[in-house]
Amino acid sequence: MSVDTRRAAPPTTPALRGRSTTARRRRRRGNPLAGLGSLVWLVIVVVPLYTLVSSSLMHQDEALSGDPLAFPSHPTLDNYNSVLHSGFLTLLGNTAIVAAATVAIVLVLSVPVAYVAVRTRSRLSSLAFRTFLLGVAIPAQAVIVPLYLLIGKMGLYDTLPAIILPTAAFAMPVAVLVLSGTMRDVSEEMYEAMALDGATPLRMLWQLAIPMSKAGISTVAIFSALQAWNGFLFPLILTQSEEKRVLTLGLFNFMSQFGVNIPAVLAAIVLSVVPIFAVYLVARRALVNGLMGVGGK
């Protein structure tokens, strides 16, 4: 005699059916208040960007006398042409070098520091980690004078390393904080399994901690690149020649160079925003996940 081993579906009471129906209706209805808030936020973000781009396509007289929200009656690319022929590509190249070098230094140093802080239980490691994070509370303006003297003594004044090294140093405390939180999400059982297989700490870092912390590493890379791209104080104090200027300092000079030529200044801003904005669009999900502390899961 055969026996039916299939489990019978649990009985559904009218109350449970009513709750599920209500939940489905709520999901279909959505949240009008959240939708309205999203629409308002979208307007707040899009309107300045639209004004920036449209004004950069205007002639000078139209920008001064016309409506800033109106689309230019006779769009022109002369403003972009003027900016590109005023040394903008040199500024862009210097900024890209500074950003790339800063990201490389921060990742090479902060990843092993965060790994040691997470995997080592000694008091010395904990004290070093807490001391290292004191850099979050120290503003760059407070140390700019001794930093200027130190860069001069090292013979790095008016060079790109004079911008790269301080920028990387001030980005590392936040990088270590983010990466240590991400690496703590890696399961302890995974470390123990690799240790039983005879893996060294270096191998566990390379084959386990780093692959499981990709979102946190992406967050640190984007944060460091943004900080290097938007930095103004270090280029202003630690460089002098035209060949070593970066975008932020170049935009500051464009304002005096072009005088009241507002469209040219806005065209320079648009050109400086496009590269880092593209990087943000590509990696925005990893940035959000890393900041939320779920990068290791």
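With hydrogens and angles disregarded, a donor-acceptor distance shorter than 3.5 Å links the side chain of Ser180 to the backbone of Leu177. A donor-acceptor pair under 3.5 Å is formed between the side chain of Trp229 and the backbone N or O of Ser272. Not one N or O on the side chain of Ser213 forms a donor-acceptor pair closer than 3.5 Å with the backbone of Gly216. Checking side-chain atoms of Asp158 against main-chain N and O of Thr239 turns up no donor-acceptor pair under 3.5 Å. Remark: side-chain polar atoms of Thr248 are paired, donor with acceptor, to backbone N or O of Gly231 under 3.5 angstrom. Remark: the backbone N or O of Val186 is not paired with any side-chain donor or acceptor of Tyr191 at under 3.5 angstrom. Under the 3.5 Å distance criterion, the side-chain polar atoms of Asn81 are left unmatched by any main-chain donor or acceptor of Leu77. At distances below 3.5 Å, at least one donor-acceptor pair connects side-chain atoms of Glu62 with backbone N or O atoms of Ser73. A donor-acceptor pair under 3.5 Å is formed between the side chain of Asn94 and the backbone N or O of Arg245. Thr159 contributes a side-chain N or O that, together with a main-chain N or O of Leu156, makes up a donor-acceptor pair within less than 3.5 Å.
Ring to ring, Phe170 and Phe234 are close: their centroids are under 6.0 angstrom apart.
Residues Leu52 and Tyr50 are members of separate hydrophobic clusters, defined by side-chain heavy-atom contacts under 4.5 angstrom among Ile, Leu, Val, Met, Phe, Trp and Tyr. By the rule that hydrophobic residues join a cluster once side-chain heavy atoms approach within less than 4.5 Å of another member, Met212 and Trp206 end up as members of one cluster. The cluster map of Ile, Leu, Val, Met, Phe, Trp and Tyr, joined by side-chain heavy atoms under 4.5 Å apart, puts Val174 and Ile217 in the same cluster. The hydrophobic clustering, which links ILVMFWY residues whose side-chain heavy atoms are closer than 4.5 Å, places Leu266 and Val274 together. Val118 and Leu124 fall into different hydrophobic clusters, defined by Ile, Leu, Val, Met, Phe, Trp and Tyr side-chain heavy atoms under 4.5 Å apart, directly or through other members.
Counted by atom type alone, Ser56 and Asn79 present zero donor-acceptor pairs between their side chains at under 3.5 Å.
In plain terms, the two heavy atoms of Leu238 and Ala162 that are nearest each other are CD1-O, 3.1 Å. In terms of heavy atoms, Leu109 sits closest to Met172 at CB-CE, 3.5 Å. The minimum heavy-atom distance linking Pro48 with Val43 is given by the pair CD-O, 4.2 Å. Closest approach of Met204 and Ala199 over heavy atoms only: CG-CB, 4.0 Å.
Aromatic ring pairs are classed by plane angle as parallel below 30°, tilted from 30° to 60° and perpendicular above 60°; the pair Tyr148 and Tyr157 is perpendicular.
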Ile163/Val246 under side chain to side chain contact (heavy atoms under 4.5 Å, CB included): CA gap, chis, key distance, verdict: CA-CA 10 Å; Ile163 306 173; Val246 294; 4.2 Å; yes
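For the side chain to side chain contact (heavy atoms under 4.5 Å, CB included) test with Pro166, the passing option among Ile144, Ile237, Leu147, Thr102 is Leu147; the others fail.
Residues Pro201 and Leu205 form no side-chain contact, since every pair of their non-hydrogen atoms from C-beta on lies 4.5 Å or further apart. Tyr115 places none of its side-chain heavy atoms less than 4.5 Å from the side chain of Ile210. Inter-residue side-chain proximity for Pro275 and Leu92 is flagged as met; some heavy-atom pair is nearer than 4.5 Å. A 4.5 Å side-chain heavy-atom check between Ser54 and Pro72 finds at least one atom pair inside the cut-off. In this structure the side chain of Glu243 never reaches within 4.5 angstrom of the side chain of Thr90, judged on heavy atoms.
In this structure, Leu247 CG and Ile276 CD1 are separated by 10.5 Å, a value rounded to the nearest 0.5 Å. To the nearest 0.5 Å, the span separating CG on Leu196 from CD on Glu192 amounts to 7.5 Å. Distance check: Ile105 CD1 to Leu165 CG gives 5.5 Å after rounding to the nearest 0.5 Å. One distance of note links CZ of Arg119 with CE of Met183; it measures 11.0 Å at 0.5 Å rounding. For the atom pair Leu134 CG and Phe129 CZ, the distance stands at 11.0 Å (nearest 0.5 Å). Taking CG of Leu107 as the reference point, atom CG of Leu179 lies at 7.5 Å (rounded to 0.5 Å).
Other residues, nucleotides and ligands contribute more than 12 heavy atoms inside 6.0 Å of the CZ atom of Phe232.
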